[in-house]
Amino acid sequence: MSQTDAAQKLAYALRFGDTALVLSHRLSEWCGKGPALEEDMALANTALDLLGQARHWLTYAGELEAQGRDEDALAYHRNDREFFNLLLVEQPNGNYADSMVRQFYFDAWHALALRRLLASNDAQMAAIAEKALKEVSYHLRRSSDLVVRLGDGSERSHAMMQAAADALWAYTGEMFMGDAVDADAAAQGYGFDPASLRAPWLDYVREVFDEATLTLPNPDAWMHQGGKQGRHGEALSYLLGEMQVLQRSYPGAQW
Amino acid sequence: MSQTDAAQKLAYALRFGDTALVLSHRLSEWCGKGPALEEDMALANTALDLLGQARHWLTYAGELEAQGRDEDALAYHRNDREFFNLLLVEQPNGNYADSMVRQFYFDAWHALALRRLLASNDAQMAAIAEKALKEVSYHLRRSSDLVVRLGDGSERSHAMMQAAADALWAYTGEMFMGDAVDADAAAQGYGFDPASLRAPWLDYVREVFDEATLTLPNPDAWMHQGGKQGRHGEALSYLLGEMQVLQRSYPGAQW
Amino acid sequence: EGQERVFQERIDAGVKIEPKDWMPEGYRKTLVRQISQHAHSEIVGQLPEGNWITRAPTLKRKAILLAKVQDEAGHGLYLYSAAETLGVSRDALIAQLHAGKAKYSSIFNYPTLTWADIGAIGWLVDGSAIINQIPLCRCSYGPYARAMVRVCKEESFHQRQGYDLLLALCNGTPEQKAMAQDALNRWWWPALMMFGPSDADSVNSAQSTQWGIKLFSNDALRQKMVDQTVPQAEYLGLTIPDPDLKWNEERGHYDFGAIDWDEFFNVIKGNGPCNRERLATRVQAYEDGEWFREGLNAHADKQAARGAAAA
Amino acid sequence: EGQERVFQERIDAGVKIEPKDWMPEGYRKTLVRQISQHAHSEIVGQLPEGNWITRAPTLKRKAILLAKVQDEAGHGLYLYSAAETLGVSRDALIAQLHAGKAKYSSIFNYPTLTWADIGAIGWLVDGSAIINQIPLCRCSYGPYARAMVRVCKEESFHQRQGYDLLLALCNGTPEQKAMAQDALNRWWWPALMMFGPSDADSVNSAQSTQWGIKLFSNDALRQKMVDQTVPQAEYLGLTIPDPDLKWNEERGHYDFGAIDWDEFFNVIKGNGPCNRERLATRVQAYEDGEWFREGLNAHADKQAARGAAAA
């Protein structure tokens, strides 16, 4: 593997790891503040699954990098310009409708993405994906179910879900935009072309929205991008500052 | 000056400095989000005054400590257990009524406290107080005026001001509770007995509240304490984590 | 009364009371109060620990803490269910909590100021909770006893994790060790207060004992906590903040200093550092979630109507 | 028209137009649009910079940034006042902004990602603003020209502070210098776009020029910005992100690469990284403040009534 190849693959692993880590963080911000006890449990559970996945990805990224950085070094000692998560998952929680729609958009992509990674020629990536897919399939069932029930619920819940669906829409396009890292992943056979997930994702989201009586936003609307390349919104550096505060304040300490 | 004396005086200076710094931070969180352009300007102005005062106090504290720490070392490299600000000023902003009542309660005390420090036998403290008092007299006029206008304003503004007055009340008692540091300050003549400010403070607040048609909360209600001794609420460590993020993340860098 | 005698005989014979069995009104009321307080404590207890999830210093510790807080929500669920078997709904109980009419464990009105507090809560607060709760696994009311078995198993896991967290700090830098000592200083006395006032001052104890709801005295449980914890603190190299603490050879127990019951009653009255915040946070969460619960209900109604129309 | 001719003669003679003077409706409209856009830009411009006040790395830098943001609010005030002399209220202008009908400078739809961005905004964004605004100190409408004098004085102060901030980073650690380079990479092109489309594509330019509102072409000002900034970047040791940039001996100016006007128009249309957030923040602030403004009005009404009753 050439040095460039290794760097591309590392970036690829970090994108999955950072995305899982950042979304886990956002979900954990809900702790004790959900709209029902069952939701508190489900949020913590999803956050925990994603955190576990992030740890696998970051540990593997550390191996690919081969500079001796472990999951914690990668999670706690990079700034937001070195994080490669999707913009969608860093969006602030907003109200619970916002958080649920964010989750639904993401889960629908995540399940598709992991399914493609099952065929990765990188055994470790395939193994991480296989374990994660079991969890994510459940996440997707849950978030799809909530979208349907709240979309086709009361007038108020419908309006809130539609507003959330519209507001977050512009952050979904990035999931399907490829760059050199994606091209390398697809060419080398350890990853896939993200554009190929767009049609099935749209089909699935459309189907769920139909059942939820929600209007699908315009698929050809302008979309944000940059997260996968480390260009984030203003919220991420606050999130990381909070997450990293102890590691940054007590350099070298063991916990 | 014995070592204990020096430590007491240092703690005394830090209390004033930390209180000004933390309130300045809270006010600056309003940046661009105030209820009117004139308020945006006034908030920034007050934040700036308090920041300037904090810098004087912390610089002087560094001199008293004589360990080579400057204003930045003291502001950016202590954690919340080492901060000695009043609990009142660390309270989250809440709505604008909360922020204004917090400011009013504090300004009313601050002006009294600084006036007493004019007579400090520590020339530097007296000088800091003199400069600060000019600014704080203006802050107090402004916050008193707003309390009157909003208290005796619409039904809604009255209700919001009263709710804020009640909610923050329990954080005012600490301003008048003395401990060993205060006792030393009074005994040595560089400071004063905080209990002696209680009656004039209550008189002033009562007078303004009367004009504002607000009900003074019960002066003998139970009161929080601990901030002056470094035992804070849960909000302060978030505030400091945010404030200190760059200094903590780039140790040793010059800015 | 005959019913009452039969009831007491069952208890004395160690037979569990089940939801459909006859029971005295006082027994029911006492249990509802106790179980719901316990449930509320689990729910409110999420907040002080949740305060450090986003700031946990390693991903592993973060995962442990997240799992723990999730367990607490789960405990809340079992316990509300156990209370519901006594004929009172979860919504009604939560409404009491939000109205300030129901209590929860006062310990959660103290703030978590540093990461070490997460360890101290696991070690001391869960430690006290377990000592309180283990006897309840044998209490006379079946659903409560069974809920407690499950709760205790998880709590003892949490306690070990808390201790392990502190062990890492105590083996760490001097700053980290100081953080652990500071946490012990602040949590020690509130943890001892968790057992409640001295039995002499405790109302209803006799009746609860007769009913098999209370199996040991508050003071006896507190003594057990002290005896168990002192050597653990020694192993950590931490000092318990009690100058009167010393081994009493004769009693075979540690003697310890007087508890500041003024503080205890003050916090119960609402004057703790975080009472207002904790309740406000829960009430806000509930109010913010109203549209959500209403939406789910509306959907369920629609589904039911569609089902009826199809039938 | 005679009025119109007299008006144009005054302008041509360099005499300022004042609020009470007759003016063509188009002149009034153009000025209202331009001044209010400028005012809105000052107000919205508080947000990207305000994003780093709480995180400024030294107290001195924090004070400088706070003072700067305060100045911007002040500029907003003068400018709204200047617009009000043309017969439109501040409230009406703000309502247009909040309804998405009025523009503000597109540059504020880019995020401030690092501390270096604060320096880059001062250096490049204020730099472009000054070049744009200095000619306006001589524009034909008196209140606007006078407001601009005050604004420009403060802006040039801000620009030096921004440059000084970057200088500290460029003299700092490699990480700090990389942060500065990254900021330059992101802000360079948007700063050049601040001058607006090439004159060939610019509507209304001719009329504005005739009216003495526009004194130089967009391209001329942009060239001035490039020429002025390149040596400053060199002094910092930073590389301007334009491979086509080079000195043209013949022209006596720097040549530079083609601007991506698609991006420019896209951001204007609402598709910038932060358009939605910026407007949402301002609207939220305004809505949250409704009770405040209403309360002050109610008090003023009461006072007036009391005054009337006493009279």
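All values below were derived from every heavy atom in this structure, side-chain atoms included, with hydrogens, water molecules and symmetry-related copies excluded. Below, read A as the first sequence line, B as the second, and so on, with proteins coming before strands; counting in each chain starts at 1. No experiment lies behind these values; they were computed from the predicted model shown.
Comparing A:Q247, A:R26, A:R248 by how many heavy-atom pairs each has under 4.5 Å with chain C, the most go to A:Q247. Options A:G52, A:S24, A:A44 differ in how many heavy-atom pairs under 4.5 Å they form with chain C, and the most are formed by A:A44. Ranking C:G50, C:A285, C:P57 against chain A, the residue ahead of the rest is C:P57, based on heavy-atom pairs under 4.5 Å. Annotation: maximal heavy-atom pairing with chain A below 4.5 Å, among C:L165, C:V44, C:T58, occurs at C:T58. Across C:I53, C:L296, C:N51, C:I43, the residue that shares the most heavy-atom pairs under 4.5 angstrom with chain A is C:L296. Contact count against chain C (heavy-atom pairs under 4.5 Å) is highest for A:D152 among A:L51, A:D152, A:D40. If you tally non-hydrogen atom pairs under 4.5 Å between each of C:E72, C:Q303, C:R61, C:R90 and chain A, the highest count goes to C:R90. Ranked by heavy-atom pairs shorter than 4.5 Å toward chain A, the options C:G295, C:G289, C:A298 are led by C:G295. Interface check for chain A: of the options C:G45, C:A73, C:A168, the most heavy-atom pairs under 4.5 Å are formed by C:A73.
For C:L47, the part lying near chain A is the side chain, with the backbone staying farther off; criterion is any non-hydrogen pair under 4.5 Å. Using a 4.5 Å cut-off between heavy atoms, A:L48 touches chain C through backbone and side chain atoms alike. C:E290 touches chain A through backbone and side chain together, each having a heavy atom under 4.5 Å away. With a 4.5 Å cut-off on non-hydrogen atoms, C:T54 touches chain A through its backbone and its side chain both. Only the side chain of A:Y76 comes within less than 4.5 Å of a heavy atom of chain C; its backbone N, CA, C and O stay farther away. Interface residue A:L58: only side-chain heavy atoms are found under 4.5 Å from chain C. With a threshold of 4.5 angstrom between heavy atoms, A:L43 does not approach chain C through any atom at all. Both the backbone and the side chain of A:M243 have a heavy atom closer than 4.5 Å to some heavy atom of chain C. Both the backbone and the side chain of A:A97 come within less than 4.5 Å of a heavy atom of chain C. Of the atoms belonging to C:L169, it is side-chain heavy atoms, and not backbone ones, that fall under 4.5 Å from chain A. With a threshold of 4.5 angstrom between heavy atoms, A:M161 approaches chain C through side-chain atoms but not through N, CA, C or O. Residue A:A47 touches chain C through both its backbone and its side chain, counting heavy-atom pairs closer than 4.5 Å. For chain C, the nearby part of A:E39 is the side chain; its heavy atoms alone come within less than 4.5 Å.
Using a distance-only test at 3.5 Å, with no hydrogens or angles considered, no donor-acceptor pair links the side chain of A:Q254 to the main chain of C:N171. Between the C:R55 side chain and the A:L246 main chain, no donor and acceptor come within less than 3.5 Å of each other. Proximity of a side-chain donor or acceptor of C:D288 to a complementary backbone N or O of A:P35 within less than 3.5 Å is not detected. Of the possible polar contacts, none joining the A:R156 side chain to the C:F292 backbone as a donor-acceptor pair under 3.5 Å is found.
A salt bridge does not link A:E71 with C:K62: every distance from a Lys NZ or Arg NE/NH1/NH2 to an Asp or Glu carboxylate oxygen is 4.0 Å or more.
Rounded to the nearest 0.5 angstrom, A:S157 OG and C:R293 CZ are separated by 13.0 Å. Taking CD of C:E294 as the reference point, atom CD of A:E155 lies at 9.5 Å (rounded to 0.5 Å). Atom NZ in C:K302 sits 13.0 Å away from atom CZ in A:R149 (nearest 0.5 Å). In this structure, CD in C:E175 is found 5.5 Å from OH in A:Y250, a value given to the nearest 0.5 Å. Separating the OG atom in A:S28 from the CG atom in C:L65 is a distance of 9.0 Å, to the nearest 0.5 Å. Taking CZ of A:R55 as the start and NZ of C:K60 as the end, the distance is 7.0 Å to the nearest 0.5 Å.
Crowding of A:H139 atom NE2: a count of heavy atoms from other residues, nucleotides or ligands under 6.0 Å exceeding 12. Counted within 6.0 Å of CD on A:E211, heavy atoms from surrounding residues, nucleotides or ligands total 12 or fewer; the atom is thus considered open. Within a 6.0 Å radius of OH in A:Y204, other residues, nucleotides and ligands contribute more than 12 heavy atoms.
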